[in-house]
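This report refers to the structure that appears directly beneath it.
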Amino acid sequence: MGLTNSSVGIKAVDSGLVIQKQTPEDQVVALAGNPNVGKSTVFNSLTGMNQHTGNWPGKTVANAQGYCATKRQSYVMVDIPGTYSLMAHSAEEEVARNFICFGAPDAVVVVCDATCLERNLNLVLQTLEISDRVVVCVNLMDEAKRKNIRIDLPLLSQRLGVPVVGATAHKKKSLSQLMEALDDVVSDGGGGTPLRVRYPESIESSVALLEPVVKEKCGGKLNSRWLSLKLLDQDESLIREINAYLGTAFLQDQELSDALAEAKAQLARQGVETGDQFKDRIVSSLVKSAEEVCRGAIIFENRQYAASDRRLDHILTSKLTGYPVMLALLALIFWLTITGANYPSQILSDGLFWVQDRLTELFTYLHAPEWLHGVLVLGVYRVLAWVVSVMLPPMAIFFPLFTLLEDAGYLPRVAYNLDQPFKKCCACGKQALSMCMGFGCNAAGIIGCRIIDSPRERLLAILTNNFVPCNGRFPTLIAILTMFFVGTGGGALTSLLSALLLTMIIVLGVATTFAVTKALSKTLLKGIPSSFTLELPPYRKPQIGRVIVHSIFDRTLFVLGRAVSVAAPAGLVIWLMANIVIGDASILRHCAAFLDPFARLMGLDGVILIAFILGFPANEIVVPIIIMAYMAQGSILELDSLAQMKTLFVENGWTWITAVSMMLFSLNHWPCSTTLLTIKKETGSWKWTALAAAIPTGVGIVLCVVFTAAARVFA
Ligand SMILES: Nc1nc2c(ncn2[C@@H]2O[C@H](COP(=O)(O)OP(=O)(O)OP(=O)(O)O)[C@@H](O)[C@H]2O)c(=O)[nH]1
Ligand SMILES: [Mg+2]
């Protein structure tokens, strides 16, 4: 599509990884493989780390390292992005290729999908061209068994000349064979003679001509046969990397240039053009070799195994049912979240506010000064208590549910459904995936945009990611919806209404994403959409136990940690602002009064607007700030239920118009500081970062002003 990274001012993705060994004896092992075969799951099982996993291709976009050891050897494992081939096409494929080719790993584990092994062998065969120290890990053996696929691992190992082991990645025990094979490979090279693909005679003879010179010039730093093939292949980005790796003098060497010209001339004489024709022959030889390796070693006892997947796909992605099912699932998740969160929220809030009373008693007993009680208990503690009791339960329910859908393989179906509308906006269907990741955290969504190959489309996705609310904003939306539109009485019916309204808000967010994407691609980021093929991976049974444990312990604890690190200091600052009086009012009041006239135009008030501004470090603290500001001058001193919160808001002049405007602005305003820093990192440009803040803020202001004006006319 003609736009380069530099023409839209977006930074190319670099792997950003410097391998750090714990001891000099550590062996560096690359975990390579096609997308979505379980590399990160193997990595997590071996290292105890928590790389993002889920059932769709393209989650890992940058290298990550972790450590593990056997009785014989210690390792640095490197989890790299998935790639179908070492002839990289996209940014994250380049990251993978560069690490395998130039990262000098001591060994490479190629993780394969047992249910489509033949296709995975393409990468195995290409890796064998670079390194002898390879172990093939046939993962997803449980899925293969379920689908009645029998695999003769010893026969495959014999044919490939390297160890081939089976695994079921999330069962750590099943990885013991892999580690044994790895120990052998790093200690004595594995013992076998790795299979080398034979290419057509025309190519082989040119390689034979070039290889001796290449061998002499590259000083043994790279495999000379592979390097000769790549020089003939003329893959520009790879040649740039080779040049950088070997030093610029390498390609300028006269003898090498002459030999290369001669080899190309010989190819031409044999009727093979360099470029596409050359590549095609290479690829078809690889495919043929993979076929030969698999012949008789893989037996499909039931070819019909995919039929139920196809039936389900028909329901989830067809024109008639795709969208309704998508909306229904979204509403169901919200309903379960809202209903399920009610009780723990109430229990937590009762408990935490009971502790607040005891703390107050303690301060009184100790005759502590009133301001100290104010700062610590009414400031720091109360904001924390609010964040924990109101924010935590919905997140602890929403995350596992969302992750279960992701693990089962639903996300790529969403991308498939939304591909057409995104194309109509001249964007990429994969934007649906980064958008879904934004539900959890916009910063994560922005990093996820790396799966989009075209820099223009990646930028579109980055600039619009903020239109889906992250988990810092969900609970705010739920609380306001419940207070003002559904009623705080609780019960299944009220939560159903909340869930439906929340679904509508999300649909509005998605619609805004489309509108802004389209506007940008007609103006600042003009271009034609690139075509992409997103694979629909097979449905897999989600790891329910692991998902729940992971969500509760990691994500929830992460949120708690963030609450302590952001909400507590914010509580302190806000309490001070609300209680230090200058002239006739507190600092907070002065600031709020200054912003008030503008905020009123948007249907808000000065306090709400200042809460959004002070909530820049984390969206979670916006509502606590509002509460604190109102309470500093209000009559209510206890606040342990949504009903009381509503009373407080109404006392401060809130109407349904304020509530809607607040939700609109919560959905559409600047991203939090973490997200903006991530945007700066990913785009390498302050200009795009500023735009990423300006666009949603502009949209939010316009929506709020228009809505308020209209509502006041009709109300
Ligand atoms: N049933 C089963 N599921 C597995 C196994 N290994 C991985 N999975 C699931 O397969 C999905 C993909 O796993 P990941 O580890 O994210 O795959 P990846 O190769 O790192 O994917 P990318 O980073 O996107 O290339 C996840 O939903 C895993 O839970 C396995 O052995 N059996
Ligand atoms: Mg991964």
Side-chain angles (χ1 to χ4, degrees), residues 15 17 30-47 49-66 77-85 88 90-93 95-97 99-100 109-117 119-120 123 137-147 149 151 165-175 177-178 305 309 400 402-413 415 430 433-434 436-437 444 447-448 450-452 534-551:
S15 77
L17 185 87
L31 280 173
N34 286 11
N36 207 32
V37 295
K39 298 173 294 299
S40 300
T41 313
V42 171
F43 176 85
N44 290 346
S45 283
L46 291 175
T47 62
M49 289 180 64
N50 253 322
Q51 277 282 91
H52 180 191
T53 63
N55 189 4
W56 52 280
K59 296 158 301 281
T60 308
V61 285
N63 297 342
Q65 60 187 317
M77 307 302 280
V78 185
D79 182 24
I80 59 182
T83 177
Y84 290 106
S85 143
S90 64
E92 88 269 13
E93 278 189 344
V95 173
R97 179 203 64 197
F99 191 75
I100 300 172
V109 171
V110 187
V111 183
C112 297
D113 179 347
T115 63
C116 51
L117 193 51
R119 193 181 68 173
N120 284 220
L123 182 71
C137 171
V138 182
N139 188 35
L140 290 145
M141 286 300 272
D142 57 333
E143 286 288 299
K145 195 169 164 204
R146 203 167 61 83
K147 294 177 172 175
I149 303 171
I151 301 171
V165 296
T168 298
H170 42 261
K171 294 188 181 136
K172 195 173 175 194
K173 267 196 190 147
S174 80
L175 297 172
Q177 261 190 322
L178 168 68
Y305 68 80
D309 273 17
F402 192 79
T403 314
L404 285 179
L405 275 188
E406 178 182 359
D407 239 20
Y410 185 59
L411 249 48
R413 272 82 194 173
K430 284 192 202 168
L433 292 170
S434 55
C436 287
M437 285 165 83
I447 297 176
R450 290 183 184 184
I451 51 165
I452 299 170
L534 178 82
E535 250 188 89
L536 292 183
Y539 296 98
R540 288 175 189 158
K541 200 168 127 247
Q543 316 294 311
I544 298 176
R546 194 195 60 84
V547 165
I548 292 175
V549 170
H550 173 70
S551 307

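Only this structure's heavy atoms are used, side chains among them; waters, hydrogens and symmetry mates stay out. Order of appearance sets the numbers: ligands from 1, and atoms from 1 within every ligand.
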Could you identify the single nearest non-hydrogen protein atom to [atom] and state the distance to 0.1 Å?
atom                    : answer
atom 17 (O) of ligand 1 : G38 N, 3.0 Å
atom 23 (O) of ligand 1 : T60 OG1, 2.7 Å
atom 32 (N) of ligand 1 : D142 OD1, 2.9 Å
atom 27 (O) of ligand 1 : D407 OD1, 2.7 Å
atom 6 (N) of ligand 1  : N139 ND2, 3.1 Å
atom 2 (C) of ligand 1  : H170 CE1, 3.3 Å
atom 10 (O) of ligand 1 : R540 NH1, 2.7 Å

Can you find an N/O atom of [X] closer than 3.5 Å to an N/O atom of ligand 1?
X    : value
S40  : yes
A167 : no
G58  : yes
P35  : no
P81  : no
K59  : yes
R546 : no
A169 : yes

### Task
Output yes if T60 passes the N/O/S-under-2.8 Å test against the Mg ion (ligand 2); output no otherwise.
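So T60 counts as coordinating the Mg ion (ligand 2), yes.
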### Task
Please confirm if an N, O or S atom belonging to T41, backbone or side chain, lies less than 2.8 Å from the Mg ion (ligand 2).
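No, T41 does not qualify, because none of its backbone or side-chain N, O or S atoms lies under 2.8 Å.
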### Message
Would you compute the distance between atom CG of L123 and atom CZ of R97 and round it to the nearest 0.5 angstrom?
### Response
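The CG atom of L123 sits 13.0 Å away from the CZ atom of R97.
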### Message
Within this structure, what is the CD-CE distance for the pair Q51 and M77, rounded to the nearest 0.5 Å?
### Response
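So the CD of Q51 and the CE of M77 are separated by 12.5 Å.
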### Query
So is G33 close enough to ligand 1, meaning a heavy atom under 4.0 angstrom away?
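Contact absent.
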### Carboxylate-amine/guanidinium proximity below 4.0 Å for R546 and D407
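Salt bridge flag = yes for D407 with R546.
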Give the numbers and elements of all ligand 1 atoms closer than 4.0 Å to a heavy atom of [X].
X    : answer
P57  : 24 (O)
G82  : 25 (O)
E143 : 1 (N)

### Message
Once you restrict to heavy atoms under 4.0 Å, what part of K39 touches ligand 1? Side chain, backbone, both or neither.
### Response
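Both the backbone and the side chain of K39 come within reach of ligand 1.
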#### Entry: Side chain, backbone, both or neither: F43 near ligand 1, heavy atoms under 4.0 Å
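Neither part.
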### Task
Dump the intermediate steps for side-chain contact (heavy atoms from CB on, under 4.5 Å) on R413 and Y539, then the final yes or no.
CA-CA 10 Å; R413 272 82 194 173; Y539 296 98; 3.0 Å; yes
#### Entry: Nearest option to atom 14 (P) of ligand 1, as decided by whichever heavy atom of T41, L140, V37, T83 sits closest
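Of the listed residues, T41 has the closest heavy atom.
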### Query
Considering N34, N36, T168, which one's heavy-atom position lies nearest to atom 22 (P) of ligand 1?
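Considering heavy atoms of N34, N36, T168, the nearest to atom 22 (P) of ligand 1 sits in N36.
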### Query
Does V37 offer a backbone N or O that forms a donor-acceptor pair with the side chain of N139 under 3.5 Å?
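Confirmed, N139 side chain pairs with V37 backbone.
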### Message
Can a donor-acceptor pair be found, under 3.5 Å and without considering hydrogens, that links the side chain of K147 to the backbone of T115?
### Response
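Checking the backbone N and O of T115 against the side chain of K147, no donor-acceptor pair under 3.5 Å is found.
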### Passing option when N36 is tested against N55, T53, T60, D113 for side chain to side chain donor-acceptor pair (under 3.5 Å)
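The passing option is N55.
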#### Entry: Worked check of side-chain contact (heavy atoms from CB on, under 4.5 Å) between V95 and V61
CA-CA 8 Å; V95 173; V61 285; over 6 Å; no
